[in-house]
Amino acid sequence: MKKKITSIVLAAVMGLSVISLAGCTGNTSSSGSSESSSDADASSTVVNDDTLGGASFADSKQNVTVKLSTDKTEYAAGEKVKYNLIIENDRTTWNADSVTISSITYDPLVSESQLPANILSSIAAGSRYEYTGVLSDDAASAYSGEAAKDASEGKVYNGTSLINIAPYVKFKYNGEDVLLRFTMQVTMNQEKLRYTKDQVVVSTDTCCHDPSIFKDKDGTYYIFGTHMTCSKTTDLINWTNLDNAYRSSYDEETRNLIRAYNDDESSGSWYSYLWAPDIIYNEAMGKYCMYLSANGDYWQSNIVLLTADEVMGPYEYAGTVVYGGFTSDLYDQTDVEKVTGESTIPDRYVTNGVANRKWGDKWPNCIDPCVFYDEEGKLWMSYGSWSGGIFMLELDENTGLRDYDVTYATDEHSDAYFGTKIAGGWYVSGEASYIQHIGDYYYLFISYGNLEAKGGYNVRVFRSESPDGPYVDELGTSAIFDKLLQNFNARIGVRLFGGYKWRFFSVGEVAQGHNSAFVDDDGKAYIVFHTRTTDGTEGHHVKVHQLFVNEDGWLVAAPFAYGGETLKEDGYSAEEYVGDYEVMIHMLDIDYANLETTLSNVISLNEDGTVSGYYTGTWESKDGTAYITLKINNEEYHCVALKMCMEGSNIETMVFTGLGLSSQFTIWGSRMITE
């Protein structure tokens with residue numbers, strides 16, 4: 001008797017729309033889709049099942065279980081084989097729909113009658129579906145073919161998660177071995193969460209590429225960004241755009257002085273080549289000091305200092321802090337000789353120079369300044385982008401320019417002119433350095449990846465006890481690279497968050513980066529960044545999230561945009577934490593090129609200290625603090641807990657944000673609300 005493998009292919013397909021809003025006292029936010037392919041839920045759990053009393057097998061992934069069984073283990077020739085297929089969906093807030101059988105072949109066992117195209121309309125979360133069929137050897141095969149495994153299993157795009165499940169049973173038919181296999185693909189879709197009309201809180205958003213935050217003396221917050229953009233707010237929630245007023249404050253003389261070294265004639269406007277400013281108030285000078293990137297081709301970039309008596313200007317040119325991309329022809333336009341004492345261009349800037357296109361092998365692109373005072377009142381500037389890495393210079397507090405009395409060695413991680421290398425190198429991605437002292441450490445923020453929506457842009461954090469480093473991540477890895485590698489998804493640097501989408505978001509948020517950070521007068525710390533979305537455009541908007549320091553001294557970001565919340569330093573009782581939570585684990589292996597985003601799954605923090613649901617394990621709170629620890633997914637997460645309003649609503653709920661000890665994965669949790 002000739003045998004073939006029977007293959008039954010099922011595919012679950014379902015469409016779902018989701019709305020999005022954002023912030024406790026405001027913050028309308030758009031966002032859109034997915035959970036990481038690296039999720040532990042992608043693993044399979046095999047269990048025995050004796051549904052019909054014969055051969056049995058069950059395959060479970062992502063809290064969806066498919067059970068297949070037959071009524072016997074041995075059949076005589078000509079005897080009918082009764083089988084039972086059960087699909088159980090225990091994945092809270094996720095639905096499966098339209099499971100179909102696309103093919104079945106087995107000779108001599110074939111379907112007694114053609115199975116219907118659609119065997120069910122929907123399997124809602126918490127529901128099950130059962131199908132009973134019969135195979136016999138007295139009919140011609142109605143189907144043929146076997147389904148191929150989908151390579152995108154576990155990925156989540158636009159709120160859709162693909163699961164491949166293949167339960168099978170073995171039995172004897174007429175004395176010979178038979179394998180009956182169901183090859184299935186289940187497409188899960190997450191249920192939307194809608195606010196009621198009286199729960200919605202609307203706020204005013206703004207766009208500002210590469211936002212740098214500054215708080216003025218009257219309490220108004222300003223952000224300044226690329227292409228001379230500017231917005232202000234009094235609450236970090238509702239923004240007023242000031243682009244036109246800010247741009248018009250620059251007179252022709254100042255514009256010409258800014259572009260004297262870098263006369264970029266290809267720019268479409270006088271400000272289109274001006275990037276990523278940073279602003280401080282210099283007490284010694286009594287001036288607002290704007291540090292601005294004038295970006296040019298072939299690394300011919302420089303960072304200029306502009307000063308003003310008012311935060312909105314008018315600003316005047318005060319000088320250039322550092323020059324890049326200089327050749328022998330440009331050498332006398334720089335201050336390199338003043339710094340190094342060499343009257344002609346040093347050989348190292350020729351060997352690794354612009355002419356042979358090797359400048360970036362060693363030296364920085366002189367853009368993206370971050371200027372800050374350290375705890376002793378010294379003034380510093382970090383700068384650079386990709387290519388040679390991120391460097392640090394000490395500035396003169398009385399002029400705002402370079403401190404010419406400070407010297408630097410020339411070696412692998414330092415240069416007499418460019419200063420101390422603190423991160424990056426070898427063309428490894430990394431830009432937009434920002435340094436902020438919070439608690440006991442200086443924290444270095446860097447954006448990895450390309451800034452486009454599909455570019456993998458994401459924020460990484462390192463820390464140091466000194467302003468000029470060395471900076472390391474939680475695993476002790478240096479921020480400096482000594483060889484070329486693709487680091488967009490690498491486990492180097494603590495990633496505060498990746499692409500994500502809460503159930504009340506209409507689209508996912510991706511490519512978050514080029515941030516600034518600050519500590520307010522009341523001690524609250526914040527990260528301010530721009531984000532793109534999964535709607536197919538390159539539009540972006542500004543977001544502000546509060547930052548917290550976990551018990552290990554690492555920064556974690558609030559799960560929702562800032563809405564006026566305040567951390568309760570002494571925390572809550574263990575009983576107050578108990579409940580069901582939607583959790584996101586921000587895995588590193590994310591398919592950013594296809595706009596994959598992290599979505600939530602549901603766990604329960606139980607009274608007995610156990611965790612159940614999508615992940616299992618244990619949890620505990622630390623009395624008198626806001627710290628809680630979760631041991632799930634083979635990892636220990638040290639978290640900070642507080643109450644926040646869900647973005648775009650007045651709905652307050654318990655949340656937590658934490659960091660894994662061995663993985664450096666970040667985790668967010670939000671206690672579920674009753675819809």
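Each residue takes its place number in the sequence, starting with 1. In this text the structure is predicted, and so the values were computed from the model without any measurement. Note: hydrogens, waters and symmetry copies are ignored here, and every other heavy atom, side chains too, is used.
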TODO: Indicate whether the side chain of Asp374 and that of Trp380 have a donor and an acceptor atom separated by less than 3.5 Å.
DONE: yes

- [ ] Before giving the answer on side chain to side chain contact (heavy atoms under 4.5 Å, CB included), spell out for Thr531 and His541 the whole-Å C-alpha distance, their side-chain angles and the decisive distance to 0.1 Å.
- [x] CA-CA 6 Å; Thr531 181; His541 62 278; 3.5 Å; yes

Open item on the list: Going by the rule salt bridge (charged side-chain N to carboxylate O under 4.0 Å, His left out), which residues pair with Asp520 if we only count those two or more places apart in sequence or in a different chain?
Closed with: Lys215

Task: Contacts of Tyr373 that satisfy ring pair (Phe, Tyr, Trp, His ring centres under 6.0 Å) - sequence neighbours left out - done: none

Task: For Phe391, all residues meeting ring pair (Phe, Tyr, Trp, His ring centres under 6.0 Å), sequence neighbours excluded - done: none

Open item on the list: Apply salt bridge (charged side-chain N to carboxylate O under 4.0 Å, His left out) to residues Lys543 and Glu647 and explain how you reach the verdict.
Closed with: CA-CA 11 Å; Lys543 292 201 73 175; Glu647 288 187 34; 3.1 Å; yes

TODO: Over 60° means perpendicular and under 30° means parallel, so classify the ring planes of Tyr222 and Phe224, tilted if in between.
DONE: parallel

Open item on the list: Test side-chain hydrogen bond (donor to acceptor under 3.5 Å, both in side chains) on Trp94 and Asn601; report intermediate values, then the result.
Closed with: CA-CA 8 Å; Trp94 290 78; Asn601 286 288; 3.2 Å; yes

Task: Output field: ring centroids His545/Phe529 closer than 6.0 Å - done: yes

TODO: Return yes if a side-chain donor-acceptor contact under 3.5 Å exists between Asn606 and Ser604, otherwise no.
DONE: no

Task: Residues Ser203 and Asn238: side-chain donor-acceptor under 3.5 angstrom - done: no

Open item on the list: Tell me whether Lys454 forms a cation-pi arrangement with Tyr592, defined as NZ or CZ under 6.0 Å from the six-membered ring centre and within 45 degrees of its axis.
Closed with: no

- [ ] Verify whether the ring centers belonging to Phe656 and Tyr581 lie closer than 6.0 Å.
- [x] yes

TODO: Test Glu635 against Ser663 for side-chain hydrogen bond (donor to acceptor under 3.5 Å, both in side chains), laying out the working first.
DONE: CA-CA 7 Å; Glu635 176 61 294; Ser663 64; 2.7 Å; yes

- [ ] Side-chain contact test, heavy atoms from C-beta onward, threshold under 4.5 Å: evaluate it for Cys208 versus His530 and give yes or no.
- [x] no

Open item on the list: Please tell me whether Tyr288 and Tyr281 form a close aromatic pair, meaning their ring centres lie under 6.0 Å apart.
Closed with: yes

Open item on the list: Please list all pairs meeting side-chain hydrogen bond (donor to acceptor under 3.5 Å, both in side chains) that have one or both residues in residues 468-481, counting only residues at least two apart or in different chains.
Closed with: Asp473-Gln664

Open item on the list: Run the side chain to side chain contact (heavy atoms under 4.5 Å, CB included) test on Cys639 and Thr657 for me, step by step, so that the C-alpha distance in whole Å, both residues' side-chain angles and the decisive distance to 0.1 Å come before the verdict.
Closed with: CA-CA 5 Å; Cys639 307; Thr657 173; over 6 Å; no

- [ ] Assess whether side-chain hydrogen bond (donor to acceptor under 3.5 Å, both in side chains) is satisfied between Tyr448 and Gln486, documenting all intermediate values.
- [x] CA-CA 10 Å; Tyr448 285 2; Gln486 213 279 11; over 6 Å; no

TODO: Could you walk me through whether Asp552 and His638 pass side-chain hydrogen bond (donor to acceptor under 3.5 Å, both in side chains), step by step?
DONE: CA-CA 8 Å; Asp552 305 310; His638 287 181; 2.6 Å; yes

Task: Set of residues satisfying side-chain contact (heavy atoms from CB on, under 4.5 Å) with respect to Lys524, sequence neighbours excluded - done: Asp522, Tyr526, Gln546, Tyr562, Thr566

- [ ] Take Arg463 and Asp440 through the test side chain to side chain contact (heavy atoms under 4.5 Å, CB included) and record every step on the way to the result.
- [x] CA-CA 10 Å; Arg463 78 181 186 191; Asp440 297 328; over 6 Å; no

Open item on the list: Tell me which pairs pass side-chain hydrogen bond (donor to acceptor under 3.5 Å, both in side chains) where either residue lies in residues 619-630, with sequence neighbours left out.
Closed with: none

Task: ring pair (Phe, Tyr, Trp, His ring centres under 6.0 Å) partners of Phe481, counting only residues at least two apart - done: none

Task: Residue list, side-chain contact (heavy atoms from CB on, under 4.5 Å) with Asn450, at least two apart or on another chain - done: Trp386, Glu452, Phe488

Open item on the list: Going by ring pair (Phe, Tyr, Trp, His ring centres under 6.0 Å), name the residues that satisfy it together with Tyr441, two or more places apart in sequence or in a different chain.
Closed with: none

TODO: Identify the residue among Asn487, Asp482, Ile480 that makes a side-chain contact (heavy atoms from CB on, under 4.5 Å) with Val428.
DONE: Asn487

TODO: Could you walk me through whether Trp502 and Phe560 pass the ring-ring contact (aromatic ring centres under 6.0 Å, His included) test, one step at a time?
DONE: CA-CA 9 Å; Trp502 290 106; Phe560 304 135; 5.1 Å; yes

Task: Residues in side-chain contact (heavy atoms from CB on, under 4.5 Å) contact with Asp218, at least two apart in sequence or another chain - done: Asp216, Thr220

TODO: Would you please indicate if the ring centroids of His540 and His209 are separated by under 6.0 Å?
DONE: yes

Task: With Glu375 via side-chain contact (heavy atoms from CB on, under 4.5 Å) - residues at least two apart - done: His437, Tyr442

TODO: Measure the acute angle between the ring planes of Trp554 and Tyr443, then classify it against the limits of 30° and 60° as parallel, tilted or perpendicular.
DONE: perpendicular

Open item on the list: Using the side-chain hydrogen bond (donor to acceptor under 3.5 Å, both in side chains) criterion, which residues pair with Ser516? Sequence neighbours excluded.
Closed with: none

